[in-house]
Amino acid sequence: MSPGFLSGLNEQQLEAVTLPRQSALVLAGAGSGKTRVLTTRAAWLIHTGQLSPMGLMAVTFTNKAAKEMLTRISAMLPINTRGMWVGTFHGLCNRMLRAHFREAGLPQLFQILDTQDQLSVIKRLLKSLNADEERFPPRQVQWFIAGSKEEGLRAPEVDVHDEFTRRMRDIYAAYDEQCQREGVVDFAELLLRSYELLSRNEALRSHYGARFEHILVDEFQDTNRLQYRWLKRFAEPGNAIFAVGDDDQSIYAFRGASAANMQDLQRDFAVERVIRLEQNYRSHGHILDAANALISHNRKRLGKNLWTSDAKGEPLRVLEALTDLDEAAFIVDEVRALRGDGVALDEIAVLYRSNAQSRVIEHALFKAGMPYRVYGGLRFFERQEIKHALAYLRLVANPGDDGALVRIINFPARGIGARSLEQLQDAARERGTSLWGAALLKSEGRRQKAEENGGDTASPSPITQHASPGKGIPSFVALIERMREATSGLPLPETIEHIVEASGLRAHYRAEKEGADRLENLSELINAATIFIAERDVQPAGEAPGTDEPDELTAFLAHAALEAGEHQAQAGAEALQLMTVHSAKGLEFHSVFISGLEEGLFPHENSLTEADGIEEERRLMYVALTRARRRLYLSLAQSRMLHGQTRYNIASRFFQEIPDGLMRRISPAFHVQSSRFNVSGSASATEGGGVSTLNTEPGTLNARNAGQWRVGQNVVHPTFGTGVIVNSEGRGPEARVQVNFRSGGLKWLMLEYARLAPA
DNA sequence: ATTAGTGGTGTTTTT
DNA sequence: CACCACTAAT
């Protein structure tokens, strides 16, 4: 008797789900039921008694995916998911390091640095090393360190072929020392530390090797080398890795993901069966045809062709707007129409290549009063008021956390400036203590001196005396000590409440003109803590015996660093979904807008100089296309405000890689003329929205525009090829236009002689 | 010691 | 445009 959850699977899916215990690679195209196969596999293994929940590890990349998997497994099986290890690589490594902090050489309460925190640690370090920030840009140092760790390399193992790399390596070494001193751990360190722990400690390795008989990996194409080696540590003979991935959706090469892991897996784990899931259950035919056509332009592929038994559906809708403002207005209009047709708002997504693009769209949505939700961008736990509150918590939990101390020692302002901090840092270095240790000494010295002087408090000016509660390092030390005392034993939400109040953060933001949102976020933080505790109590971690459970506060701080994005304002309400293409991976919607399809933006200009950069951008576009079930919009703007100035872009090359027959050009229902768009030379720019600059539709639409030129227009030159007019000057026979050619760059051309034609 | 103002610079994508 | 680091003025 096969369990009910197997019904409805197709032949390949069923084969994958019911594979005997052996390692396998499943190449799962977009929308081919990948998550279903993964979760059903887990349920099947447990249901048939081949595996106890304790023996299962399932790794994903996003917390969203992990949560989804847990939900779906428990929907299929009435079992307690306690004991299963389901989570992100980072989450699972954190779990392991918490359980074995001593063996890993970490303090019990080690804190996790997010990207921002890491950058400020690096800046602090560079200053103390007297390193020139010009020659060693903090961001580059960060990149170097993260990159090295993701290769599994500690500083001494980094290859040094020149002076610069040698210095970078030394900075890396000093950075690791500093983190160790302060008891903090960055993202890559979680993985590397956990990997080293398993490599060094044979008892632990064999414990986990014996435990995890089945390891399921989602989005395997996104694993980096270190993650792959980490997985290999569990490769006890007889254990099986079940990896699901799609090389066409590999979009994280920039952070070290390596599709070569797919080949290595087959070799290292003696994979006998590579199962392909090629039937797509998500999208209508035209959408799939477009995606297939696009991705076929990539050379480096394992090869696979998605098909569907669904109808062809509608053609893709293409909209070219004059400006980014018009594009946004058009999207709002179209969304309104979709909603009128009964499509729920949260079934519609607007995707863009980079976060900065959301502002214009948000603005238009706000003006239209349409509810929306932005994923990514400034996440809840990355907001400054939240960071400040968390820093107080961190310092209370871990006095050695210099980063936290630096962040809050003078926020809200209590008269401790750069100079005092510098002295503190010198004192700390001299005595080999943390900044907190130095502050403690200093304030005690001060206290003693005050007593010796017979309590002469050097009458401070009456104004400053009542303006702020306390000044200087001693009062800061006293403040933190009071907090530590007052909050010990308190439940987490009350601890946060106390800290927000006692630190003066609340008073500070109440006094600030624009502080209302921040106050609200601080309340939301307390809320988030309440929810976090409640969820944790429902599903405790259930560790192996003899391990320590982290306390509430530490767990919450880890949660804040690892799941920065999960807590958004206005979650839950039906709202239009705004996100980058990257964060859309794994999701699907009834209707999808892909905006900003312009050369330089999507594909991003930076990708052009990277090895295989264009192929990654194309995969990204492939991911974007395959998010849509029924309707797909592709939009672009002829001009766009970027970095404070207007840029004129030509249509993305991806338009040329999708067959014309699949796309239909549409015009906005009404015409928006943005004030920012300045027509030079001619007044004809108001003509319809239909001036073609898309190369997919050869010049026919332009007959009525012949002989008239305007900035932003796409043109063709017999020798220079296609380009866009970016500037003009003079009139009559003198008139010249400046054209930005796709290949060849900027050129001034005399209109009278240049054989320029509209594109 | 702090702040306000200026000028220079950089900017993809994320756990 | 937005963020930073630095300078000049309080």
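A note on names: the letters A, B, ... follow the listed sequences, proteins ahead of strands, and every chain is numbered from 1.
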In whole Å, I'd like the distance from the [atom1] atom of [X] to the [atom2] atom of [N].
X	N	atom1	atom2	result
A/Leu119	B/dG10	CG	P	14 Å
A/Leu642	B/dT12	CG	P	11 Å
A/Ile251	B/dT14	CD1	P	9 Å
A/Leu601	B/dT11	CG	P	16 Å
A/Tyr352	B/dT13	OH	P	10 Å
A/Asp117	B/dT15	CG	P	15 Å
A/Arg124	C/dA5	CZ	P	14 Å
A/Met579	B/dT12	CE	P	21 Å

If we take the C1' atom in both B/dT12 and C/dA5, what is their distance in whole Å? 25 Å
With rounding to the closest Å, how many angstrom separate the P atoms on C/dC4 and B/dT13? 16 Å
Under 4.0 Å between a Lys/Arg side-chain N and an Asp/Glu carboxylate O for [X] and [Y]?
X	Y	answer
A/Glu182	A/Arg124	yes
A/Asp247	A/Arg619	no
A/Arg394	A/Asp117	yes

Out of [options], which nucleotide sits closest to the side chain of [X]?
X	options	answer
A/Arg359	C/dA2, B/dT12, B/dT2	C/dA2
A/Ser420	B/dT12, B/dT14, B/dA1	B/dA1
A/Lys123	C/dA5, B/dT12, B/dT13	C/dA5

Would you indicate what [X] reaches in the nucleic acid, counting non-hydrogen atoms under 4.0 angstrom: base, sugar-phosphate, or nothing?
X	result
A/Ile416	sugar-phosphate
A/Tyr252	sugar-phosphate
A/Asn355	sugar-phosphate
A/Phe61	sugar-phosphate

Looking at [N], I'd like to know if its phosphate oxygens (OP1 or OP2) sit under 4.0 Å from a side-chain N or O belonging to [X].
X	N	value
A/Asn410	B/dT2	yes
A/Thr115	B/dT15	no
A/Thr62	B/dT14	no

For A/Phe254 and B/dT12, say yes or no: do the ring centres fall under 5.5 Å of each other while the ring planes differ by less than 30°? no
Verify stack between A/His582 ring and B/dT13 base, 5.5 Å, 30 degrees: no
Ring-face cation of A/Arg255 near A/Tyr252 (centre distance under 6.0 Å, axis angle within 45°): yes
Can A/Arg653 be said to sit on top of A/Phe602's aromatic six-ring, NZ or CZ under 6.0 Å from centre and within 45° of the ring axis? no
Between A/Arg353 and A/Gly91, which has a closest nucleotide on DNA chain B that is more 5'? A/Arg353
Does atom CZ of A/Phe164 have more than 12 heavy-atom neighbours from other groups under 6.0 Å away? yes
